Amino acid sequence: QVQLVESGGGLVQAGGSLRLSCAASGRTFTSLGMGWFRQAPGKERGFVAGINRSGVSTYYADSVKGRFTISRDNAKNTVYLQMNSLKPEDTAVYYCAARERGLYSDYATAYDYWGQGTQVTVSS
C-alpha cells in the first residue's frame with residue numbers, strides 16, 4: 001500500500017504561482033511512477049503531468065505545457081507540481097497519483113493509489 005498526502009493548494013490571483021507537494025509513504029518511492037490530475041466541478045478528472053520513477057522523463061497535458069513543472073525528490077519521497085502563470089481555468093481539486101509501474105501514464109485508470117486532493121482556486 002502507498003499513502004499519498006497532498007499539500008500546497010490555496011487561493012491565488014490569475015498570473016500567480018503555487019507549488020503543490022505530494023508526500024508518499026508505505027512503499028519504495030523510487031519504484032513508483034507518479035502523476036498529477038485535476039478535477040473541476042462538473043468535469044471529469046483529467047491528466048495534468050507525469051514523471052517516471054527516476055525523474056528523468058516527464059509529460060504534460062497541452063493545457064499546462066510551459067506553465068507547470070513536475071519534479072520529484074526521491075530522497076524525500078515527494079513529488080512536486082510547480083504551477084506558474086495560473087489561469088482561472090486551472091481552478092480544480094488537484095490529485096496526486098502513484099502507479100507501481102515506474103513509468104507515468106496519462107490515464108487515471110493506470111494508477112494504483114490516490115491522494116485526497118488539494119483545492120486550487122485561481123481568481124480573475
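Hydrogens, waters and symmetry mates play no part in the numbers below; they use all other heavy atoms, side chains included. Owing to the predicted nature of the structure, the values given are computational and were not obtained by experimental measurement.
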- Do other residues, nucleotides or ligands put more than 12 heavy atoms under 6.0 Å from the OH atom of Y59?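 At most 12 heavy atoms, drawn from other residues, nucleotides or ligands, come within 6.0 Å of this atom.
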- Message: Is it true that, when you exclude R53 itself, more than 12 heavy atoms of the residues, nucleotides or ligands shown sit nearer than 6.0 Å to its CZ?
- Response: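 Incorrect, the count does not exceed 12.
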Short question: side chain of [X], backbone of [Y] - any donor-acceptor pair under 3.5 Å?
X    : Y    : result
Q82  : T69  : no
E6   : G117 : yes
Q116 : V5   : no
R72  : N52  : yes

Does a side-chain heavy-atom distance below 4.5 Å link [X] with [Y]?
X    : Y    : answer
Y104 : I70  : no
R38  : L81  : no
L18  : F68  : no
Y113 : E100 : yes
T91  : Q119 : yes
L20  : M83  : yes

Measuring from [X]:[atom1] to [Y]:[atom2], what's the distance to the nearest 0.5 Å?
X   : Y    : atom1 : atom2 : value
F47 : W36  : CZ    : CH2   : 12.5 Å
S71 : M34  : OG    : CE    : 11.5 Å
C22 : F29  : SG    : CZ    : 7.0 Å
Q13 : S124 : CD    : OG    : 9.5 Å

Should [X] and [Y] be regarded as members of a common hydrophobic cluster, given that ILVMFWY residues are connected when their side-chain heavy atoms come within less than 4.5 Å of each other, either directly or indirectly?
X   : Y    : result
V48 : I51  : yes
L4  : F37  : no
V93 : V122 : no

Could you report the tightest heavy-atom contact between [X] and [Y], atom names first, then the distance?
X    : Y   : result
T28  : L32 : O-CG, 3.8 Å
D90  : S85 : OD2-O, 4.4 Å
V120 : G9  : CG2-CA, 4.2 Å
Y111 : G33 : CE2-O, 4.2 Å

- Query: With under 30° as parallel and over 60° as perpendicular, where do the rings of Y95 and W114 fit, or are they tilted in between?
  - Reply: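 Geometry flag for W114 against Y95: perpendicular rings.
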- Message: Would R19 and Y80 count as a cation-pi pair here, with the cationic atom under 6.0 angstrom from the ring centre and within 45° of the axis?
- Response: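 That pair qualifies as a cation-pi contact.
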- Could you tell me whether D62 and K65 have a side-chain N and a carboxylate O separated by less than 4.0 Å?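 A salt bridge links D62 with K65.
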